[in-house]
Amino acid sequence: MDANAQNKLLPEVENFLSNGPLRAMIGGQQVESSNGNTFETHDPGSGEKLAEIFNMQTEDVNHAVDTATETFKGSGWAKLPQNERSVHMHRLADAVEKHKAVFDQLESLDCGKVLVQAEMDIQNFIDTMRYYGDLALHVQRRTVLPAKGHEAFTVRLPWGPCGFIIPWNFPFLLAGWGIGPAMAAGNTCVIKPAEDSPLSTLYLAHIARDAGIPDGVINVIPGLGEVTGAALAGNPNLKRMSFTGSPEIGREIASKCGANLVPIKCELGGKGAAVVCDDVDIPDTAQKLVEAITFHTGQVCCDATRWLIQKNIYDSFVSECVDRMQKIHIGYQLDESTQMGPVVNQKQKERVLGYLERGVKEGAELVLEGGKAEVPSRNGHYVKPALLAGSLDNVAACEEIFGPVAYLAPYETDEQAIEMTNNTDYGLGNSVWSSNLERAHGVAEQMVAGNSWINGHNLVVHGVPYAGIGKSGMGGGVLSIETLLDYWRPLTVLRPL
Ligand code: NAI
Ligand code: MG
């Protein structure tokens, strides 16, 4: 591990990392892969190995799903009175809170996230456990129906073992969005974390027992997508599947689930637009959009990556943005002065640089050059923020880059801006920026996506459904009651009188 990083690590973090190869957690037991196969996770800011981890094989994955099934049937978790299960959700939140500094460092180290942003993600997980624990108490699970000549009612019951395949960009936050509603509803979980960032979820598996969660409710099976992920996606005994990641893999997993008739929820990529009207406070809006595109180095699925700017303020707005982006301090994720850390791996760095090159080749203007960034004495995967401009047919304007790169285009009328926003297969999050709220609402409600934000971007709040449509996903509604309801199966009971 990088010597500079090591100086700053908590003893618990060092201990955890030095106990490799790290094992899966199945039914409360630490388990090695059946064939002994392992993989490594790295520090994106230094390129150095953090830990070796067992790569779970198909039979190991099947064992995890079988264990989750037995736990569902036999542990009493599914049948606990809701108030008792909700107490466990709070205890899990408390346990993560108690070890929060450890989670913060593991998350920052493993996926290259700036420490303050990792702190926000871990807090979000805690809030999610508490939110769903509380919400589940207030859902009426038995509904009496007026039926002629019959006693009739519906009841909501947990499904059984549920699968979760998680990406590397928000590893712990998204694990929470997945298992929070599933567990609160009484299901059991099998989590496949991303190979680039499995550490925080593996640590969760270690502390779950302290929180009183029965063994086998949270099972964590680390491994590669094409091995462990593929086996989980194809397991016919799962009752529900949840996937967050790229549309390509989403399609593949959804096909497998389709063949097994396992219901799946997909949260995929995005190509969000920000419509900047000519009545905005230019410095304030520029600042907020620059913060959005550099947040987690642009590796955010709902980011604003197409900035549509009204023509009469285009030049002054763009120059404000360029000025701010040039001043962003790029550095190692655990350094306090760092505003933007590395991207997750070499492949992602090449992807970002490749899109800049292809965009320019197709005729885009390079408004802010971007490219590779150097951080003294760190051999990590650093890139500079970049701005491209030109035709919206350009590859860099159409495809998800997943880096600190925004594509700029001017517009004249609001109708034009709406058309440009909606001219994409993606449909996750767009924003409109205006000091005239009536105008902003008019634009926001015509945007075709799961989320329209006004005078803000990347806004996620517990209690408000967050979802994508089209190439951005299906079956969403996370962070709200909609997802909780998904994790109960409806049963109708009918008796002739
Ligand atoms: P990915 O979609 O390959 O990985 C996401 C998860 O799926 C990981 O846990 C991975 O192990 C698993 N996986 C991979 N192949 C699998 C398979 N055949 N069967 C089952 N599970 C599998 O994403 P990747 O390659 O890490 O990133 C590629 C691009 O995807 C990014 O550059 C970005 O554009 C997009 N992406 C979008 C995310 C989002 O939040 N919407 C998150 C991560 C990536
Ligand atoms: Mg890593």
Side-chain angles (χ1 to χ4, degrees), residues 1 17 22 39-53 55-56 58 61 106-113 163-171 173-175 177-178 191-202 220-235 241-257 264 266-272 296-303 305 333 342-352 354-355 380-381 399-403 405 426 428-429 450 458 466 468 471-473 476 478:
M1 195 193 309
L17 295 179
L22 301 176
F39 67 101
E40 294 178 357
T41 185
H42 295 94
D43 174 348
S46 69
E48 311 239 344
K49 172 179 151 184
L50 285 170
E52 194 176 342
I53 300 153
N55 179 26
M56 294 292 121
T58 302
V61 173
L106 284 175
E107 195 77 332
S108 175
L109 266 184
D110 204 11
C111 68
K113 205 177 271 278
F164 301 88
I165 298 180
I166 311 286
W168 43 261
N169 55 341
F170 289 83
L173 175 146
L174 290 175
W177 289 15
I191 313 171
K192 207 298 278 175
E195 46 270 60
D196 280 301
S197 56
L199 296 177
S200 52
T201 311
L202 283 169
V220 180
I221 44 163
L224 304 182
E226 62 270 26
V227 180
T228 320
L232 187 61
N235 188 298
M241 169 61 93
S242 164
F243 170 74
T244 310
S246 60
E248 295 72 30
I249 300 299
R251 276 200 183 94
E252 211 174 302
I253 296 178
S255 310
K256 286 189 172 170
C257 288
I264 176 166
C266 286
E267 203 268 277
L268 310 173
K271 196 70 194 177
H296 194 27
T297 322
Q299 301 164 113
V300 181
C301 49
C302 56
D303 222 331
T305 49
Q333 66 266 25
V343 292
V344 72
N345 55 28
Q346 181 66 22
K347 183 177 139 207
Q348 196 60 27
K349 177 172 163 181
E350 281 164 15
R351 180 182 169 111
V352 174
Y355 270 112
H381 314 296
E399 295 181 12
E400 184 174 47
I401 299 175
F402 234 54
V405 183
Y426 287 105
L428 191 49
N458 295 335
Y466 170 87
K471 205 174 159 185
S472 294
V478 287

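Counting starts at 1 for both ligands and their atoms, following the listed order. When a residue number appears, it is its place in the shown sequence, counting from 1. Every heavy atom of this structure was used, including side-chain atoms; hydrogens, water molecules and symmetry mates were not.
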Could you check which of [options] puts a non-hydrogen atom nearest to [atom]?
{"atom": "atom 20 (C) of ligand 1", "options": "S472, G229, G468", "answer": "G229"}
{"atom": "atom 1 (P) of ligand 1", "options": "G250, S246, G245", "answer": "S246"}
{"atom": "atom 28 (C) of ligand 1", "options": "K271, E399, R351", "answer": "R351"}

For [X] and ligand 1, answer yes if some heavy atom of the residue is under 4.0 Å from a ligand atom, otherwise no.
{"X": "G269", "answer": "yes"}
{"X": "E248", "answer": "no"}
{"X": "F170", "answer": "no"}

**Complete:** For D196, the N, O or S atom at the shortest distance from the Mg ion (ligand 2) is O
**Message:** Could you tell me if K192 sits above the aromatic ring of F243, with its cationic atom closer than 6.0 Å to the ring centre and no more than 45 degrees from the axis?
**Reply:** no
**Prompt:** Which residue supplies the protein heavy atom nearest to atom 11 (O) of ligand 1, what is that atom called, and how far is it?
**Reply:** E195 OE1, 2.4 Å
**Prompt:** In terms of residue, atom name and distance, what is the protein heavy atom nearest to atom 14 (C) of ligand 1?
**Reply:** G225 CA, 3.5 Å
I'd like to check which ligand 1 atoms, numbered from 1 as shown, lie under 4.0 Å from a non-hydrogen atom of [X].
{"X": "P167", "result": "42 (C), 43 (C)"}
{"X": "A194", "result": "9 (O)"}
{"X": "W168", "result": "24 (P), 26 (O), 27 (O)"}
{"X": "E400", "result": "33 (C), 34 (O), 35 (C)"}

Under-4.0 Å heavy-atom contact with ligand 1, by part of [X] that carries it:
{"X": "I166", "value": "backbone"}
{"X": "L268", "value": "backbone"}
{"X": "K347", "value": "side chain"}

**Asked** So, do W177 and Y466 have ring centers that fall under 6.0 Å from each other?
**Response** yes
**Prompt:** Does the N or O separation between E252 and ligand 1 drop below 3.5 Å for any pair?
**Reply:** yes
**Request:** Might you check, step by step, whether the distance between atom 4 (O) of ligand 1 and some protein heavy atom is under 4.0 Å?
**Result:** no
**Request:** Compute the angle centred on the Mg ion (ligand 2) spanning O of D110 and O of H42, and express it rounded to 10 degrees.
**Result:** 90°
**Asked** Does T41 bring an N, O or S atom to within less than 2.8 Å of the Mg ion (ligand 2)?
**Response** yes
**Item:** E195 and N55: side chain donor to acceptor below 3.5 Å
**Value:** no
